[in-house]
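Working notes, structure below.
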Amino acid sequence: MSRELSSTNWAAKSGQSWASIQTIMSDLLGPIGDLLTERTLVPPQSAVLDVGCGTGETTRALALAAGSSCAVVGIDISDAMIDAAHALEADDPTGARFLLADAETYEFEPETFDVVCSRFGVMFFDDARRAFRNLAGSARPGAPLTLIVWRSAEDNPFMTAAERHATDLVPGLTPRAHDAPGQFGFADQAKVSDLLAGAGWNDLAFEAVDVPCTMKHTDLEPFLRNAGPLSRALTDNSEDEKARVIEETIPAFAPFRDGDTLQFDAACWVITGRRSKALVQGGSHG
């Protein structure tokens, strides 16, 4: 069985673990969040939807960049992540709001948002075409779309180092299914272009971007314990067994080590487009 995740089991299986290492993930993915903010153009007085917002860093950054005339909403299916986002609201001057819901099925008010964007939040949908039809229905005609997604597993050796090394150590760790919902589910440009066009988005463009990222070497153990296929494969193992496998896996990251840090390029697509002027009947929820 593949250890990739769809949206229906993301919240239960990984949301809590991801939230537990919120600071590590925020530091790791910060440069990619900065890229999303740079590429998402938000006109004054706009309503913005941040899809798969996680613990809210991208939503807040978008709100800060957009200014007080704009309303920025982050949506995520994980209650643990949305709880973490809400926990920071008291100290948040941006006015960003957060919604616990599945963007694939949530009944948005039609044509509400002027901008739709996401950093790594759209690859897990059970039915991606249905999800993007729903998102198209939530957006005003012509609304810009900006997505940052991972390119292929082959293009991202850092993100696959643990599973490649630990395959013989963990019987339940099986290869990821190509193009299945999950981290690399939007790697195939032609497939994703067809999917988005059929869901009500046009003027599509794909740009390959490699984003330099760093992680403290001391953060690698909690990262492996709480994120990715290895952590999910070890769910039912004893603590001693988890510790043994993770200790044996850490040397696989030696090629990325530079002193006290790990350095790698996150190979991503920056996908842009616009909501079609007219949607086919049933396109908003079909």
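Position 1 is the first residue of the sequence; numbering continues from there.
Between T105 and N134, every side-chain heavy-atom pair lies at or beyond the 4.5 Å cut-off. With a 4.5 Å cut-off on side-chain heavy atoms, P144 and L41 do not count as touching.
Looking at every heavy atom in both residues, A139 comes nearest to W201 through CB-CH2, 4.1 Å. Heavy-atom minimum distance, L204 versus G273: CD2-CA, 4.0 Å. When every heavy atom of A84 is checked against every heavy atom of Q22, the shortest pair comes out as CB-OE1, 3.7 Å. Closest of all the heavy-atom pairs between A66 and V42 is CB-CG1, 3.7 Å. Listed here is the closest heavy atom pair of F125 and V122: CD1-O, 3.2 Å. In terms of heavy atoms, G259 sits closest to R257 at O-NE, 2.8 Å.
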Exercise for the section: Please test R225 against E239 for salt bridge (charged side-chain N to carboxylate O under 4.0 Å, His left out), starting from the C-alpha separation and ending with a verdict. Expected result: CA-CA 10 Å; R225 184 176 286 271; E239 287 302 314; 2.9 Å; yes
Handout entry: R119 and D34: CA distance, side-chain angles, deciding distance, salt bridge (charged side-chain N to carboxylate O under 4.0 Å, His left out) verdict
Key = CA-CA 10 Å; R119 178 197 70 178; D34 293 342; over 6 Å; no
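The only option from F264, F158, F223 that meets the ring-ring contact (aromatic ring centres under 6.0 Å, His included) definition with F253 turns out to be F158.
Note: Y106 and F108 have perpendicular aromatic rings, judged against thresholds of 30 and 60 degrees for the angle between ring planes.
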